[in-house]
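So that the names make sense, note that chain A is the first sequence line, chain B the second, and so on, each numbered from 1.
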Amino acid sequence: MADNTLATQTRTTQSDTDAARAEAALLPPVDVIEDAGGITLYADLPGVPKDKLNLHIEADRLTIDADIALDMPEGMQPSHAEVGLVRYHRAFTLSKELDTEKVGAEFSNGVLKLRIPKAEHAQPRRIEVRAA
Amino acid sequence: MLYRSFFPRDLYADMDRLQREMQQALDLSPNIRGLARGFPALNIGGTAKSVEIYAFAPGIDPASLEVQIEKGVLTVAGERKDDEMAEKAAVHINERYAGRFRRVVALPDDVDANACEAQYRDGVLHISIPRSESAQPRRIAIH
């Protein structure tokens with residue numbers, strides 16, 4: 001009996017993750033650049049107005065969710081589509097050196113720029129060598 | 001792995017992505033022009049009154065975009081600058097397009113190229129070209 005319950009539970013979780021993955025979304029292309037002070041992330045999200053962009057940081061996970069909103073005339077029939085979905089989704093795991101409290105975000109012309117500084121203790125330091 | 005340290009990636013997510021991309025390539029583009037994708041990505045649609053073209057070109061100064069119609073062929077061209085880089089910066093992921101681009105679309109015969117309108121918003125260039133008056137359906141009165 002106990003085995004059964006466990007099996008059912010496992011199956012439920014499995015189908016839950018499947019459902020979440022089945023919801024199709026575009027994977028926005030990103031650039032990630034690291035310098036001494038932190039990380040800069042650029043993401044291309046064309047067609048997304050500011051209010052449809054959702055950034056979420058929970059523990060060490062950064063999630064970008066965005067919906068495309070284009071103004072289309074009524075009754076438009078698509079004849080060729082290279083962007084075939086209306087949602088972007090991408091998630092990253094952030095390392096512990098990054099300070100998630102101080103994330104700066106800018107969004108203009110469909111490009112998201114995220115600046116995540118490194119925590120104080122992870123900043124590079126120059127160690128003076130003194131002649132003895 | 002190609003990408004290291006700050007963004008350790010989930011292997012399953014990567015496999016998922018690969019599968020999804022293959023699926024999308026097969027499903028969504030049964031296209032005579034093949035599966036190759038250019039920059040900017042184009043969506044094209046039409047109504048009885050106009051042809052609508054959407055070019056997904058984020059992060060571009062609209063003044064630097066060249067949109068041209070010549071002999072029924074629409075050309076969208078421009079240049080996208082690479083990211084500003086601080087000294088001693090390391091690039092971990094580089095997927096975004098940078099450099100010059102140019103895409104060409106043959107328009108249907110019944111459009112009025114002189115009345116074309118283009119606007120750039122949220123990184124999407126929307127070009128709307130009305131169909132010419134003479135091509136509009138008309139009801140012919142019978143006397």
Side-chain angles (χ1 to χ4, degrees), chain A residues 17 21-22 24-50 52-53 60 62 68-85 90-95 97-98 107-113 116 118 124, chain B residues 3 5-10 12-13 16-17 20-21 23-24 27-29 31 33 37-38 40-52 54-62 82-98 105 120-126 128:
Chain A
T17 47
R21 281 180 187 169
L26 298 161
L27 195 77
V30 300
D31 286 354
V32 176
I33 298 160
E34 179 191 353
D35 55 44
I39 282 242
T40 312
L41 182 149
Y42 296 90
D44 280 353
L45 302 161
V48 176
K50 212 170 204 158
K52 292 275 177 73
L53 170 67
D60 60 350
L62 163 71
I68 299 179
L70 298 177
D71 38 324
M72 296 189 201
E74 223 176 293
M76 190 185 89
Q77 296 288 324
S79 55
H80 171 84
E82 289 165 2
V83 178
L85 298 166
R90 193 154 182 180
F92 297 93
T93 309
L94 304 172
S95 76
E97 292 99 289
L98 297 172
F107 187 52
S108 75
N109 283 343
V111 176
L112 170 70
K113 180 183 177 185
I116 314 169
K118 288 182 195 171
Chain B
Y3 311 128
S5 78
F6 276 95
F7 291 94
R9 287 154 54 112
D10 175 2
Y12 287 107
D16 242 25
R17 180 177 60 100
R20 203 164 50 229
E21 278 178 1
Q23 197 73 34
Q24 280 175 16
D27 280 359
L28 298 171
S29 192
N31 187 332
R33 295 172 189 90
R37 301 282 165 93
L42 294 177
N43 276 14
I44 301 173
T47 65
K49 287 188 175 147
S50 66
V51 174
E52 310 286 333
Y54 299 87
F56 292 77
I60 290 171
D61 174 15
D82 217 339
D83 310 317
E84 300 159 22
M85 293 265 287
E87 241 178 279
K88 288 190 187 168
V91 177
H92 292 291
I93 307 180
N94 184 5
E95 299 166 345
R96 293 166 69 237
Y97 181 87
V105 180
Y120 186 74
R121 205 187 55 150
D122 298 329
V124 176
L125 174 69
H126 177 192
S128 178

Colleague: Under 3.5 Å, side chain of B:Asn94 to main-chain N/O of A:Asp31, donor-acceptor pair present?
Modeller: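 Here the side-chain-to-backbone pair does not exist.
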
Colleague: Does any backbone or side-chain atom of A:Val30 lie under 4.5 Å from a heavy atom of chain B? Answer side chain, backbone, both or neither.
Modeller: both

Colleague: Relative to chain B, which segment of A:Asp60 carries a heavy atom at a distance below 4.5 Å: side chain, backbone, both, or neither?
Modeller: neither

Colleague: Of all of A:Gly37, A:Ala43, A:Gly47, which one pairs up most often with chain B through heavy atoms under 4.5 Å apart?
Modeller: A:Gly47

Colleague: Distance-only, no hydrogens or angles: does the B:Tyr120 side chain make a donor-acceptor pair with backbone N or O of B:Ala57 under 3.5 Å?
Modeller: yes

Colleague: Considering only heavy atoms, which portion of B:Tyr54 lies under 4.5 Å from any heavy atom of chain A: side chain, backbone, both, or neither?
Modeller: side chain

Colleague: Heavy atoms only: give me the nearest A:Arg90-A:Pro28 pair and the separation to one decimal.
Modeller: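 The answer is NH1-O, 2.8 Å.
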
Colleague: Output the option from A:Val111, A:Asp71, A:Asp44 having the highest count of non-hydrogen pairs under 4.5 Å with chain B.
Modeller: A:Asp44

Colleague: Check whether A:Ala91 gets within reach of chain B through its side chain, its backbone, both or neither, counting any heavy atom under 4.5 Å.
Modeller: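 Neither part, no heavy atoms under 4.5 Å.
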
Colleague: Please report the shortest heavy-atom distance between A:Phe107 and A:Val48, naming the atom on each side.
Modeller: CE2-O, 3.3 Å

Colleague: Restricting to side chain to side chain donor-acceptor pair (under 3.5 Å), what partner residues turn up for A:Asp35, sequence neighbours left out?
Modeller: A:Arg115

